[in-house]
**Q** 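I have a structure I would like to understand better, so I am pasting it below and will then ask my questions one at a time.
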Amino acid sequence: MKSTSIPQTRRRALAVGIALAMSGSALAQEQDQDALPQGQSNKSVEVIQVTARHKVESLQETPIAISAFSGDQLANSRIEALNGIAERVPGFQMNVYNAAEPELFMRGIGSDIESAGAGAAIGIYVDGVYISRGVAAAMDLYDLASVEVLRGPQGTLYGKNVVGGAINFITKKPSMAYPEGKVELTAGNYGLLQARGYVTGGLSDNVGAKLAFSAVDRDGFGKNTHTGNDADTLERYSVRGQLLINPSDDLEILLSADYSKSDSVPTVRHISYSEGRNAAFISADPREADNEFDGFEDTEVKGLSANIRYDLDGMTFTSITAYRDNDFGFYENAAAGMVDDSLFFDPWGDPANNNVADDDALAAMQVDDMWYQHKEEQSSQFSQEFRLAGVQGKLDWQMGAYYMREDIDRHEMVNYWFHTPWGTTTGKIYNSTYAVTDSYAVFGQASYNLTDAWRLTAGLRWSEDEKDFRSVASGRRFDNWDNMHGDLKGNRVEGYDVSTQGSWDAWTPSLVVDYKASQDLFFYYSLARGYKAGGFNGEGPESAEEALASFAPEFALNHELGFKSQAFNDRLRFNGALFFTKYTDLQSQVWVETGPNTPADLEVRNGTGEAQGLELEFTALLTDNLTLNGAYGYIDSEFTDTFEVDGNDLNGNRMRRTPEHTLNLAAAYEWESDLGLWAARLDYQYQDEYFFDNSNDPLTKVDSEYTVNASLQLASLDDSWRVQLWAKNLTDEQNIASTTVYAAWDNTVFSSYKAPRTFGISATYQF
């Protein structure tokens with residue numbers, strides 16, 4: 001049996017983390033009563049209130065590893081999308097292959113499985129409504145009161161459980177007072193034009209309404225040199241309407257409707273490396289490529305929800321009813337370079353069919369592969385959550401029930417041309433997956449104050465997921481000897497249409513002990529088990545048997561020791577957490593050989609792994625004018641048991657998309673003049689190298705990256721207007737958004753990149 005002891009180097013890292021955490025906590029306790037330096041005011045860091053546990057409480061007394069951002073923080077830092085959040089949260093990694101399917105990883109766990117038969121490891125919630133598909137998560141961040149990022153398994157308080165972490169978007173509620181509003185206009189390089197804002201006010205004594213909007217139009221960061229048109233463009237329009245109704249002091253009803261539509265052009269796929277065959281076709285500019293067509297990246301998202309809160313005698317009842325409808329279409333050339341698919345050379349076939357002299361002649365003319373892929377997905381979800389909460393003396397409790405039905409239709413088509421050492425092959429493949437999932441859950445959590453300082457919290461959840469799954473495939477395959485498919489009996493056929501069902505359930509408990517050592521020092525230990533349902537492969541498999549192959553549910557057992565502290569008369573906030581997570585049946589997408597005459601296919605296999613690390617966050621008011629805040633994350637994650645894929649054991653490999661070190665720092669300096677209130681800000685984000693795939697293939701290794709942002713803002717003394725000059729990625733780094741390895745003739749790496757240097761001016765008026 002393999003030892004589960006922690007290697008010496010990893011023990012040292014954890015020991016350093018523990019020492020740093022404890023020293024910081026001790027400092028907070030010692031300095032709590034220190035007198036202020038002479039001439040310094042009693043100004044303190046901002047008090048942060050969070051609702052992560054479905055009640056308003058101080059961040060400093062919430063026993064969860066949580067990063068919180070207020071609406072003002074988002075605006076001042078120019079955080080306008082989810083990737084801006086990920087860059088500022090330790091242990092949170094976001095990669096984007098296309099805008100409709102962001103790939104989120106947290107503490108070593110995440111998902112890039114695109115099949116309709118799979119789910120997400122990181123949960124996204126908007127006003128308590130779980131967002132099941134990635135297309136609905138690719139949103140503009142506007143009209144928000146706050147964003148909360150919870151790391152680790154969440155389930156005993158949430159309707160839809162998550163195994164890796166949760167991201168809560170909380171919108172601003174409508175006002176019942178006099179009409180008020182805000183509008184912001186932005187112009188920037190790459191033709192950026194943006195407008196967003198809201199108007200809100202009371203319609204009667206007990207009814208308030210709000211209408212919020214966001215519109216953005218930007219030219220492309222890249223270029224299709226064949227058509228002469230821009231690539232990597234953005235055009236999105238979003239609107240949200242809300243009604244807040246208070247029929248009585250005990251009843252609150254929040255009705256919401258939102259709509260978002262995006263019409264954009266995909267990013268350029270750049271050949272970032274080739275072993276030789278494609279080296280001659282590497283573009284000098286990584287944001288430019290020759291493509292036969294521009295492609296499209298279109299999304300349409302709609303949602304309705306009703307959030308009802310009713311205060312009973314000593315208890316509060318909450319009901320959240322929601323419906324969402326998502327559509328997206330995506331068409332791109334996934335392999336950079338122009339290809340004439342009429343060219344053909346087969347050294348083993350009839351020479352009369354060849355229209356090229358030999359391999360060398362073909363190699364000099366064009367890249368060795370064409371991969372035009374078209375994806376469409378339509379999905380809808382209905383969810384209902386009921387919660388009941390109350391406080392009786394020293395006992396604080398919540399319980400709830402949850403149901404969600406998700407319906408997904410996903411269609412994929414690939415038009416391909418490959419030239420390999422075995423000859424040229426060309427054709428089209430069609431693959432569709434359909435899934436209907438019913439999720440049920442009951443959950444509860446109770447906290448008991450043992451003393452004024454000690455509190456014990458325990459929770460339990462039961463979840464069940466039932467999936468009806470169908471996979472349909474047709475067309476001429478490129479990845480086997482006869483270009484056909486396999487049915488369930490092993491026959492070679494032109495296509496297949498197969499269906500199956502699956503059901504998974506689990507009990508997931510949680511336990512938390514927290515200790516309030518002083519007014520400014522708080523410790524906690526938590527133990528939580530997370531669960532994600534199993535599913536089905538379905539993503540372009542060669543045979544019906546592969547399409548119906550299921551993978552097991554994923555589990556995480558997370559130990560966490562955290563502290564939260566404030567010192568120097570609340571001018572320093574210093575929080576941290578040490579965690580150790582054991583992942584069982586980790587769902588990992590890998591390339592698998594499926595037979596003697598067939599190249600590898602993508603399949604989902606289950607492995608076992610561990611992740612452990614340290615997360616630190618701080619805010620320091622160095623002077624009345626200068627504030628410094630930041631976060632550091634250390635993660636050591638690897639597979640810890642035999643995990644064989646085609647004879648290669650991934651045991652000991654680092655988990656994908658998990659940089660060992662991440663760091664972000666921000667300095668803000670504020671001062672007042674006759675013109676108004678000034679604020680200058682400088683941000684720095686760094687992430688260590690990481691592997692894009694669990695194979696740890698050096699070709700998928702992403703080198704360490706950093707980004708520097710800056711802004712200068714002037715606001716009126718009454719805050720009725722603001723003007724902000726801003727710049728992102730000041731040093732114009734070519735940071736990786738996504739990378740993929742193909743091997744038609746030899747290994748070729750295709751990469752896409754995050755935004756280049758951007759800058760602009762924003763003007764805000766508030767009334």
Side-chain angles (χ1 to χ4, degrees), residues 224-227 269 271 274-283 289-293 295 331-375 411-432 472-487 490-496 540-544 546 591 593-602 740-750:
N224 182 343
T225 53
H226 175 69
T227 66
R269 305 297 168 193
I271 300 176
S274 174
E275 288 180 347
R277 169 69 168 79
N278 291 321
F281 303 99
I282 296 178
S283 170
D290 281 334
N291 285 323
E292 182 181 351
F293 57 90
Y331 185 43
E332 70 152 2
N333 176 11
M338 288 284 293
V339 171
D340 181 353
D341 60 0
S342 68
L343 298 180
F344 188 89
F345 180 80
D346 184 357
W348 316 107
D350 185 350
N353 294 329
N354 296 333
N355 53 21
V356 178
D358 53 34
D359 286 323
D360 290 339
L362 190 52
M365 298 172 67
Q366 59 189 27
V367 292
D368 63 11
D369 62 301
M370 177 185 84
W371 190 259
Y372 296 168
Q373 60 179 357
H374 183 197
K375 303 179 182 181
H411 309 276
E412 301 183 51
M413 183 278 290
V414 172
N415 182 10
Y416 66 87
W417 178 96
F418 285 118
H419 185 62
T420 73
W422 299 275
T424 305
T425 182
T426 185
K428 293 182 180 181
I429 309 173
Y430 302 89
N431 177 248
S432 296
V472 182
S474 62
R476 186 179 191 271
R477 297 199 64 88
F478 66 90
D479 53 357
N480 52 54
W481 61 277
D482 62 359
N483 304 119
M484 300 184 75
H485 306 261
D487 66 12
N491 301 314
R492 307 305 297 173
V493 294
E494 293 184 356
Y496 59 78
E542 185 269 338
S543 69
E546 293 173 41
W591 290 100
E593 295 290 345
T594 58
N597 300 310
T598 60
D601 266 347
L602 272 177
T740 309
V741 178
Y742 288 93
W745 190 279
D746 54 24
N747 285 327
T748 299
V749 181
F750 296 93

**Q** Going through the checks in order, is the side chain to side chain contact (heavy atoms under 4.5 Å, CB included) test met by Arg477 and His485?
**A** CA-CA 7 Å; Arg477 297 199 64 88; His485 306 261; 3.3 Å; yes
**Q** Going through the distances and angles, do Asn291 and Thr227 end up as a side chain to side chain contact (heavy atoms under 4.5 Å, CB included)?
**A** CA-CA 7 Å; Asn291 285 323; Thr227 66; over 6 Å; no
**Q** Checking Asp346 against Thr424: is there a side-chain donor and acceptor pair closer than 3.5 Å?
**A**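 Side chains of Thr424 and Asp346: no pair found under 3.5 Å.
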**Q** Rounded to the nearest 0.5 Å, what separates atom OH in Tyr331 from atom CZ in Phe293?
**A**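 Answer rounded to 0.5 Å: 4.0 Å.
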**Q** Contact between Pro541 and Tyr496 at the side-chain level, heavy atoms closer than 4.5 Å - yes or no?
**A**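 Yes - at least one pair of side-chain heavy atoms lies under 4.5 Å apart.
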**Q** Walk me through it: do Tyr372 and Asp341 pass the test side chain to side chain contact (heavy atoms under 4.5 Å, CB included)?
**A** CA-CA 11 Å; Tyr372 296 168; Asp341 60 0; over 6 Å; no
**Q** Measuring from Thr420:OG1 to Arg277:CZ, what's the distance to the nearest 0.5 Å?
**A**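 With rounding to 0.5 Å, OG1 (Thr420) is 10.0 Å from CZ (Arg277).
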**Q** Could you state the interatomic distance from CG (Asn354) to CZ (Phe345), rounded to the nearest 0.5 Å?
**A**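 So the CG of Asn354 and the CZ of Phe345 are separated by 5.0 Å.
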**Q** What distance do His374 atom NE2 and His411 atom NE2 have between them, rounded to the nearest 0.5 Å?
**A**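 Result: 10.0 Å between the selected atoms.
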**Q** Calculate, to the nearest 0.5 Å, the distance between atoms CG and CE belonging to Asp340 and Met370 respectively.
**A**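 Between atom CG of Asp340 and atom CE of Met370 there are 9.5 Å.
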**Q** Rounded to the nearest 0.5 Å, what separates atom OH in Tyr742 from atom OG in Ser274?
**A**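 Answer rounded to 0.5 Å: 14.5 Å.
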**Q** Search all heavy atoms of Asp358 against all heavy atoms of Ala361 and return the closest pair with its distance.
**A**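 Heavy-atom minimum between the residues: OD1-N, 2.8 Å.
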**Q** Do we see a donor-acceptor contact under 3.5 Å between the side chains of Thr748 and Asn278?
**A**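 Looking only at side-chain atoms, Asn278 and Thr748 do form a donor-acceptor pair, the distance falling under 3.5 Å.
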**Q** Do the rings of Phe478 and Phe418 sit parallel, tilted or perpendicular, given the 30° and 60° boundaries?
**A**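 Aromatic pair Phe478/Phe418 classed tilted.
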**Q** Report yes or no: do Asn431 and Glu412 form a side-chain donor-acceptor pair below 3.5 Å?
**A**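 No, because no side-chain N or O of Asn431 sits under 3.5 Å from a partner of the opposite role on Glu412.
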**Q** Is there a side chain to side chain contact (heavy atoms under 4.5 Å, CB included) between Lys428 and Asn415? Walk through the geometry before answering.
**A** CA-CA 4 Å; Lys428 293 182 180 181; Asn415 182 10; 3.8 Å; yes
**Q** Has the side chain of Asn747 got a donor or acceptor atom that lies under 3.5 Å from a matching backbone atom of Glu275?
**A**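 No, the answer is negative, given that no donor and acceptor are paired below the 3.5 Å cut-off.
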**Q** With a 4.5 Å cut-off on side-chain heavy atoms, are Asn333 and Glu292 touching?
**A**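 Not in contact.
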**Q** Does the side chain of Thr425 come within less than 4.5 Å of Arg476's, by heavy atoms?
**A**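 The answer is yes; the side chains approach within 4.5 Å.
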**Q** Mark yes when over 12 heavy atoms from residues, nucleotides or ligands other than Glu494 sit less than 6.0 Å from its CD; otherwise mark no.
**A**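 Open.
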**Q** Taking the side chain as every heavy atom from C-beta outward, state whether Asp359 and His419 have any atom pair closer than 4.5 Å.
**A**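 Result yes, sub-4.5 Å side-chain heavy-atom pair found.
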**Q** Between Asp369 and Ala744, what is the shortest heavy-atom contact and its length?
**A**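 Heavy atoms only, the tightest pair is CB-CB, 4.1 Å.
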**Q** Before giving the answer on salt bridge (Lys or Arg N to Asp or Glu O under 4.0 Å), spell out for Arg492 and Glu542 the whole-Å C-alpha distance, their side-chain angles and the decisive distance to 0.1 Å.
**A** CA-CA 10 Å; Arg492 307 305 297 173; Glu542 185 269 338; 2.7 Å; yes
**Q** Below 4.5 Å, heavy atoms only, C-beta onward: do Asp746 and Asp368 meet side chain to side chain?
**A**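 Asp746 reaches Asp368 side chain to side chain.
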